[in-house]
Peer 1: 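Shown below is the structure under consideration.
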Amino acid sequence: MMTRQDLRRRFARQVLAGLLGLSTAWAADQKPPDPISWALNNDGPSQAIKPGSVFKVQIEARIEQGWHLYSTEQPAGGPRPTRIILPPDQVFEAGGPVESPAPLTAHDDNFDIETEFYEEAVIFTLPVRVVARAPAGTYKLQVEVRFQSCTNQLCLPPRTIKLDLSVEVAKSS
């Protein structure tokens, strides 16, 4: 059985190997791979949302052929799990846990463990609450997604993307 330190060393070697491979491509003035495209969509009502109410948004990831995106749950020593976060300092807060479809599960040679992942596309659903004190108006809902993506031979370093969506908040009653 491998120790946690062995797993960390293996992970560090794999990340370094991946970065060295990517740096060769980047050195040739090529753009680094960006195998996942993201979209944020309102899954709820199209009318204004009252303060204190919860509505749902969908975070859609479209994944290029040959790549995969890791799920929100991963074992220790493996890839970085996908995290969906509502940054502070907005009139929105988490209205419940992120909902996600069942991922695929398989042995991942990059980490030498069983991992959970998605291929082709996945939609995460995020319940969002409008804070009770929110004045009426149109606001930008900001969502951050931290994720890692790999092929069967190469892993990109974890990265964070920011998505936003305009949401109209109604007058409180």
Side-chain angles (χ1 to χ4, degrees), residues 1-44 54 56-88 92-128 141-165:
M1 176 136 167
M2 297 185 78
T3 66
R4 179 171 255 157
Q5 187 174 14
D6 291 336
L7 288 171
R8 285 184 183 146
R9 284 186 187 135
R10 177 179 283 172
F11 178 73
R13 283 192 303 266
Q14 291 166 341
V15 169
L16 182 58
L19 289 174
L20 289 173
L22 289 173
S23 66
T24 303
W26 296 340
D29 282 339
Q30 294 179 359
K31 186 177 178 183
D34 193 8
I36 302 180
S37 60
W38 295 90
L40 178 61
N41 303 300
N42 189 346
D43 186 35
V54 175
K56 293 183 177 184
V57 294
Q58 292 183 333
I59 300 105
E60 181 179 7
R62 295 214 173 262
I63 306 160
E64 286 183 12
Q65 180 84 26
W67 288 86
H68 52 267
L69 170 69
Y70 292 102
S71 74
T72 57
E73 301 295 325
Q74 293 299 322
R80 299 294 170 117
T82 298
R83 295 286 183 244
I84 298 173
I85 302 158
L86 286 173
F92 307 102
E93 60 189 12
V98 174
E99 302 164 15
S100 56
L104 300 169
T105 303
H107 183 270
D108 189 319
D109 290 335
N110 293 310
F111 300 95
D112 198 26
I113 61 172
E114 191 167 280
T115 60
E116 296 181 353
F117 58 93
Y118 300 101
E119 294 178 332
E120 296 180 18
V122 61
I123 295 176
F124 300 98
T125 302
L126 176 65
V128 177
L141 167 65
Q142 298 174 336
V143 176
E144 292 180 358
V145 181
R146 180 144 180 89
F147 67 98
Q148 185 170 18
S149 56
C150 297
T151 67
N152 290 336
Q153 300 171 337
L154 170 73
C155 284
L156 296 176
R159 65 182 279 219
T160 301
I161 55 112
K162 296 178 182 189
L163 303 168
D164 60 62
L165 178 71

Peer 1: Quick check for you: to the nearest 0.5 Å, what is the distance between Ser100 atom OG and Glu73 atom CD?
Peer 2: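 One gets 8.0 Å once the value is rounded to the nearest 0.5 Å.
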Peer 1: Can you tell me how far apart CD1 (Ile84) and CD (Glu99) are? Round to the nearest 0.5 Å.
Peer 2: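 Separation between the atoms: 10.5 Å.
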Peer 1: Kindly indicate whether the side chain of Val128, heavy atoms from C-beta on, has any atom under 4.5 Å from the side chain of Glu93.
Peer 2: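 Not in contact.
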Peer 1: Are the side chains of Tyr70 and Pro79 in contact, using a 4.5 Å heavy-atom criterion?
Peer 2: yes
Peer 1: Of all heavy-atom pairs between Ile113 and Ala76, which one has the smallest distance, and what is that distance?
Peer 2: CD1-O, 4.2 Å
Peer 1: Output all residues satisfying side-chain contact (heavy atoms from CB on, under 4.5 Å) with Thr151, sequence neighbours left out; order by chain, then residue number.
Peer 2: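 Counting only residues at least two positions away or on another chain, Thr151 forms a side-chain contact (heavy atoms from CB on, under 4.5 Å) with Trp67, Gln153, Leu154.
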Peer 1: Hey, is the main chain of Thr125 close enough, under 3.5 Å, to the side chain of Gln58 for a donor-acceptor pair?
Peer 2: no
Peer 1: Hey, do the aromatic rings of Phe124 and Phe147 have their centres closer than 6.0 Å?
Peer 2: no
Peer 1: List the steps, then state whether side chain to side chain contact (heavy atoms under 4.5 Å, CB included) holds for Glu64 with Asp34.
Peer 2: CA-CA 9 Å; Glu64 286 183 12; Asp34 193 8; 6.0 Å; no
Peer 1: Got Thr82 and Val145 here, is their nearest side-chain heavy-atom distance under 4.5 Å?
Peer 2: yes
Peer 1: Quick one: closest heavy-atom pair of Ser149 and Pro35, and the distance?
Peer 2: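 Closest heavy-atom pair between Ser149 and Pro35: OG-CG, 3.7 Å.
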Peer 1: Show the nearest heavy-atom pair for residues Pro101 and Val122, with the distance to one decimal.
Peer 2: CG-CG2, 3.6 Å
Peer 1: Could you check whether any side-chain heavy atom of Asn42 comes within less than 4.5 Å of a side-chain heavy atom of Leu165, counting everything from C-beta outward?
Peer 2: yes
Peer 1: Do Glu116 and Gln74 have side chains that get closer than 4.5 Å, going by heavy atoms?
Peer 2: yes
Peer 1: Just jot down the side-chain contact (heavy atoms from CB on, under 4.5 Å) partners of Glu120, sequence neighbours excluded, or say none.
Peer 2: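 By the side-chain contact (heavy atoms from CB on, under 4.5 Å) rule, Glu120 matches no residue at all.
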Peer 1: Sequence neighbours left out, what passes salt bridge (Lys or Arg N to Asp or Glu O under 4.0 Å) with Arg146? Give chain and number order.
Peer 2: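 Not a single residue meets the salt bridge (Lys or Arg N to Asp or Glu O under 4.0 Å) criterion with Arg146.
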Peer 1: Kindly compute the distance separating CG (Leu86) from CG (Leu141), expressed to the nearest 0.5 Å.
Peer 2: 6.0 Å
Peer 1: Decide yes or no for Leu69 and Phe117: does some side-chain heavy atom of the first lie under 4.5 Å from some side-chain heavy atom of the second?
Peer 2: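 The answer is no, as the side chains (C-beta and beyond) never meet within the 4.5 Å cut-off.
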Peer 1: With heavy-atom distances below 4.5 Å as the criterion, would you say the side chains of Gln148 and Cys155 are in contact?
Peer 2: yes
Peer 1: Under the 3.5 angstrom rule, does the side chain of Tyr118 hit a backbone N or O of Ile63 as a donor-acceptor pair?
Peer 2: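 Absent.
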Peer 1: Does the pair Val143 and Ile85 meet the rule for a side chain to side chain contact (heavy atoms under 4.5 Å, CB included), with working shown?
Peer 2: CA-CA 6 Å; Val143 176; Ile85 302 158; over 6 Å; no
Peer 1: For the atom pair CG (Leu104) and CD (Glu119), what is the distance rounded to the nearest 0.5 Å?
Peer 2: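 Atom-to-atom, Leu104:CG and Glu119:CD are 5.5 Å apart.
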Peer 1: For the atom pair CG (Asp108) and OG1 (Thr115), what is the distance rounded to the nearest 0.5 Å?
Peer 2: 4.0 Å
Peer 1: Would you please test Leu40 and Val57 for side chain to side chain contact (heavy atoms under 4.5 Å, CB included) and show each step?
Peer 2: CA-CA 7 Å; Leu40 178 61; Val57 294; 3.8 Å; yes
Peer 1: Check whether any side-chain heavy atom of Glu144 sits under 4.5 Å from a side-chain heavy atom of Ile161, and report yes or no.
Peer 2: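 When only atoms from C-beta onward are counted, Ile161 and Glu144 do not touch, as no gap falls below 4.5 Å.
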Peer 1: Run Asn152 and His68 through side chain to side chain donor-acceptor pair (under 3.5 Å) and show every step you take.
Peer 2: CA-CA 9 Å; Asn152 290 336; His68 52 267; 4.5 Å; no
